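Encoded as structure tokens, the structure appears first; notes follow it.
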Amino acid sequence: MAYNLLKGKRGIITGALDANSIAWKVAEKAHEEGATFVLTNAPIAMRMGEIKGLAEKTGSQIIPADATSVEELTTLFTQSQEVLGGKIDFVLHSIGMSVNIRKKIPYTDLNYDYYQKGIDVSALSLHKILAVAKKLDAINEWGSVVALTYMAAQRTYPFYTDMADIKAMLESIARSFGYHYGVEKKVRINTVSQSPTKTTAGTGIKGFGDFFDYANAIAPLGNATAEDCANYCVTLFSDLTRMVTMQNLFHDGGYSTTGVSDVVLGKLGLE
Ligand code: NAI
């Protein structure tokens, strides 16, 4: 059911790779809720991806941009305003990649070139997006920026290796930039800390399947799906949450505040 929550709003949605991507669901929901937006991804991802189908379905244009390049992000924000006919109201940062995770390198033995690449792609990209947008004055007052994160920023999950540190940085950038952009332009910046979700980035993590089931057994409501996450992002883009900024918002079915569940105790024979 649609509520027209984003009627008349213009957005930029990063990170839709395929139909499993969280960003893909956000695009579908934002379209249902009346938004117009530009889809963007790294040029290489778009050659492999199915983003054209999503663009057709949602009446969107695609503007490629590597989120590590200030130059390409500048083109993205400039062209998006031309295509959409005005300043931007919402931005989804849905970008994550760790070469150390891909290559299954343990945390205590990280490759530092890969580590820096991970920081650049997955955390600094948020800073760059915000800095470019601010310099161009491309986001409307009360506009909303949401970046996706994971709870390994607060608690240790050994398999998440360098991405744990990188997500902590991402969340910090959201707070720090949220202050400055809030004071100057009333732009809101939040991170959504999402349940494990079966996407290309998610399932690339060693032991993801077992961990997915574990989190599902702990969370009183079960794991939040990508579609649930999209609904939550839509509320954060809407005017109904206009005073929410600089927050890390857990969207995980109650996982983060549950110590242990009856289901898990039962499995251990301790119930
Ligand atoms: P995904 O693999 O579908 O999306 C990741 C996206 O990042 C891809 O579209 C990829 O092309 C893009 N990307 C990589 N390098 C880029 C670059 N240089 N420039 C622009 N885009 C680039 O996976 P998913 O799960 O939808 O990931 C989206 C976000 O959600 C990530 O930040 C991820 O860390 C976060 N997240 C995912 C969870 C999961 O379990 N899947 C849980 C919590 C957060």
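These figures come from a predicted structure and were not determined experimentally. Start at 1 and go down the list; that is how both ligands and their atoms are numbered.
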*Angle class for the Tyr214/Phe211 ring planes (parallel below 30°, perpendicular above 60°, tilted otherwise)?*
tilted
*Counting each atom of ligand 1 from 1 as listed, which ones have a heavy atom of Pro196 under 4.0 Å away?*
40 (O)
*asked:* When you measure from the side chain of Thr156 to the backbone of Ala152, do you find a donor-acceptor pair of N or O atoms at a distance under 3.5 Å?
replied: no
*asked:* Salt bridge check, Asp228 against Lys25: does any charged N sit closer than 4.0 Å to a carboxylate O?
replied: no
*Judging by distance only, is a nitrogen or oxygen of Ala67 under 3.5 angstrom from one on ligand 1?*
yes
*Tyr107 and Tyr160: aromatic ring centres closer than 6.0 Å?*
no
_Just so I know, are the side chains of Tyr181 and Lys186 near enough to count as touching, which here means a heavy-atom distance under 4.5 Å?_
no
*Pick one of side chain, backbone, both or neither for how His93 approaches ligand 1, counting any non-hydrogen atom pair under 4.0 Å.*
neither
*Compare Ile205, Ile22, Thr197 and give the one whose heavy atom is closest to atom 36 (N) of ligand 1.*
Ile22
_Side-chain heavy-atom pair Phe208, Pro196 within 4.5 angstrom cut-off_ = yes
_Heavy-atom distances under 4.0 Å decide this one: backbone, side chain, both or neither, for Val121 against ligand 1?_
side chain
_Nearest candidate to atom 22 (C) of ligand 1, where distance is taken over non-hydrogen atoms, out of Ile95, Asp252, Asp18_ = Ile95
*Which of the ligand 1 atoms, numbered from 1, are nearer than 4.0 Å to a heavy atom of Asp66*: 17 (C), 18 (N), 19 (N)
*Checking Lys9 against Phe90: charged group under 6.0 Å from the ring centre and within 45 degrees of the axis?*
no
*Between Thr149 and ligand 1, which residue portion shows a heavy-atom distance shorter than 4.0 Å: side chain, backbone, both, or neither?*
backbone
_Heavy-atom nearest neighbour of atom 34 (O) of ligand 1 within options Lys167, His251, Met163, Lys198_ = Lys167
*atom 2 (O) of ligand 1: nearest protein contact (heavy atom, Å)*: Ala201 N, 3.0 Å
_Which residue and atom name correspond to the protein heavy atom nearest atom 8 (C) of ligand 1, and how close is it?_
Gly15 O, 3.8 Å
_Please work out, at 4.0 Å between heavy atoms, whether the side chain, the backbone, both, or neither of Ala45 comes within that distance of ligand 1._
side chain
*Pick one of side chain, backbone, both or neither for how Phe208 approaches ligand 1, counting any non-hydrogen atom pair under 4.0 Å.*
side chain
_Residue, atom name and distance, where the atom is the protein heavy atom closest to atom 12 (C) of ligand 1_ = Asn41 OD1, 3.6 Å
*Could you tell me how the ring of His251 sits relative to the ring of Tyr232: parallel (under 30°), tilted (30 to 60°) or perpendicular (over 60°)?*
parallel
*asked:* So Gln81 and Lys87, do their side chains get closer than 4.5 Å, heavy atoms only?
replied: yes
*Counting both backbone and side chain atoms, is some N or O of Tyr150 under 3.5 Å from an N or O of ligand 1?*
no
_I'd like to know if Glu227 pairs up with Lys29 as an ion pair, taking the criterion as any Lys NZ or Arg NE/NH1/NH2 lying under 4.0 Å from an Asp or Glu carboxylate oxygen._
yes
_One residue to check: Ser195. Relative to ligand 1, which of side chain, backbone, both or neither has a non-hydrogen atom less than 4.0 Å away?_
backbone
_Using a 4.0 Å cutoff against the non-hydrogen atoms of Thr200, which atoms of ligand 1 qualify?_
2 (O)
*Using a strict cut-off of 4.0 Å, indicate which atoms of ligand 1 neighbour a heavy atom of Gln194.*
42 (C), 43 (C)
*Return yes if some donor-acceptor pair links the side-chain N/O of Thr14 with the main-chain N/O of Leu92 below 3.5 Å, else return no.*
yes
*Element-labelled atoms of ligand 1 that are located less than 4.0 Å from some non-hydrogen atom of Leu148*: 29 (C), 30 (O), 32 (O), 35 (C)
*asked:* For atom 25 (O) of ligand 1, what is the closest protein heavy atom, and at what distance to 0.1 Å?
replied: Thr199 OG1, 2.4 Å
_Can you report which non-hydrogen protein atom sits closest to atom 3 (O) of ligand 1, along with the distance?_
Ser21 OG, 2.6 Å
*Hey, are Lys57 and Glu28 close enough for a salt bridge, meaning a charged N less than 4.0 Å from a carboxylate O?*
yes
*Under the criterion side chain to side chain donor-acceptor pair (under 3.5 Å), which of Thr149, Asn190, Thr191 is the partner of Glu171?*
Thr149
_atom 29 (C) of ligand 1 [closest protein heavy-atom partner, distance rounded to 0.1 Å]_ = Ser94 OG, 3.5 Å
